[in-house]
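Reviewing the structure listed below.
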Amino acid sequence: MIRGRGRMVQFVSDHAVTSEASHGPDSTPRRDPFVLDVRSLGRRPGTMSEVHRTVTTTDKLGVEMIGIPAGSEVDLDLRLESVSEGILVTGTVCGETSGQCARCLEPIDGTVTVFLTELFAYRDSVTEQTTEEDDVHRIVDDRIDLEQSIIDAVAMELPMSPLCSPDCPGLCQVCGIRLAVAEPGHAHELIDPRWAGLANKFAELAPDEKSETDGNPDDQERRD
């Protein structure tokens, strides 16, 4: 124990705050890797524990076009502190991301790191009694569930329209080729749909008119 700022602070070792996933050699992993058992912290303000571990996600975390895929490893580097109203969780969550460029649809990957600051309220605390159900996280059966906090933080950190590069030109709207790998000056001659039928008609008549002109010198003279 150490004393600081007029209060006693007790540090609890990491193994005292357990997750829903067991870690023994013969243990069976439980369902949610983001649930932590905080019974060891008690309701003693100032009691703290540091959590450093890697867990595996059961579902994708992120937005539609990019996120941490299901089955990926996520690093937790957190501090849990008992305060008068509940358990204050602070720290970082980091994972590898995978997705698609919003312009050219090429696969992209990277890393996302989010910073958490979340209070989990005791059941009979003032915070729990005066806050709407959806506006505060609660401690349930001496456990805290970090999943929704992490989902929200990752979704806010990732771009809704990720790009493979800031200047990605996207896809050709006519043939769908990636413009980044297309030949220089790649373009298509487009005809206004209103004139497409007339253009096709001229294309059909042109060969006949040419053959008639080439085969009749008198017609050519009269034209001159």
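Numbers for residues simply follow the sequence, beginning at 1.
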Are M156 and I68 grouped together when hydrophobic residues (ILVMFWY) are joined by side-chain heavy atoms under 4.5 angstrom apart? no
Is there a chain of hydrophobic side chains (I, L, V, M, F, W, Y, each step under 4.5 Å between heavy atoms) that links Y122 to L36? yes
Among residues at least two apart in sequence or on other chains, which ones pass side-chain hydrogen bond (donor to acceptor under 3.5 Å, both in side chains) with D152? Q148
With sequence neighbours left out, what residues match D167 under side-chain hydrogen bond (donor to acceptor under 3.5 Å, both in side chains)? S165
Cluster question for you: counting only ILVMFWY and a side-chain heavy-atom cut-off of under 4.5 Å, with indirect links fine, are L158 and I151 together? yes
Point-to-point distance, once rounded to the nearest 0.5 Å, from OG1 of T92 to CZ of R79: 12.5 Å
What's the separation between atom CD1 in I139 and atom CZ in R39, rounded to the nearest 0.5 Å? 13.0 Å
Decide yes or no for C101 and P162: does some side-chain heavy atom of the first lie under 4.5 Å from some side-chain heavy atom of the second? no
Ring pair (Phe, Tyr, Trp, His ring centres under 6.0 Å) pairs touching residues 156-186, sequence neighbours excluded, are H186-H188
Student check: side-chain heavy atoms of R103 and L163 closer than 4.5 Å: yes
With clusters defined by side-chain heavy atoms of hydrophobic residues (ILVMFWY) lying less than 4.5 Å apart, directly or transitively, does L61 cluster with M65? no
Does E106 have any salt bridge (charged side-chain N to carboxylate O under 4.0 Å, His left out) partners at least two apart in sequence or in another chain, and if so, which? R178
Could I get the full list of side-chain hydrogen bond (donor to acceptor under 3.5 Å, both in side chains) partners for D59, not counting sequence neighbours? none
For G110, does its backbone N or O pair with a side-chain atom of T97 as donor and acceptor, under 3.5 Å? yes
Looking at every non-hydrogen atom in both residues, tell me the closest pair between C94 and T111 and how far apart they are. SG-CG2, 3.5 Å
About how many Å separate CZ of R53 and CG of D77, when rounded to the nearest 0.5 Å? 11.5 Å
What's the separation between atom CD in E73 and atom CD in E96, rounded to the nearest 0.5 Å? 9.5 Å
ILVMFWY network linking L146 to V83, side-chain heavy atoms under 4.5 angstrom: no
Will you find, in the side chains of S98 and D109, an N or O donor that is under 3.5 Å from an N or O acceptor? no
Are side-chain heavy atoms of L171 and L105 found at a separation under 4.5 Å? yes
How many angstroms lie between atom CD of E50 and atom CD of E81, to the nearest 0.5 angstrom? 11.0 Å
Atom pairs and distances, side-chain donor-acceptor, residues 112-121, under 3.5 Å, sequence neighbours left out:
{"from": "E118", "atom 1": "OE1", "to": "S149", "atom 2": "OG", "distance (Å)": "3.2"}

Check the pair S49 / S40 against side-chain contact (heavy atoms from CB on, under 4.5 Å), numbers first and verdict last. CA-CA 9 Å; S49 175; S40 61; 5.9 Å; no
Taking side chain as C-beta onward, heavy atoms only, is F34 less than 4.5 Å from T58? no
Presence of salt bridge, R143 and D141, under 4.0 angstrom: no
Taking atom CD of Q100 and atom CD of E64, what is their separation to the nearest 0.5 Å? 9.5 Å
Among L41, L80, V35, which one satisfies side-chain contact (heavy atoms from CB on, under 4.5 Å) with I144? L80
Do S82 and I87 come within less than 4.5 Å of each other through their side chains, counting heavy atoms only? yes
Side chain proximity check, T56 to S72, heavy atoms < 4.5 angstrom: no
Indicate yes or no: at least one non-hydrogen side-chain atom of V55 is less than 4.5 angstrom from one of L76. yes
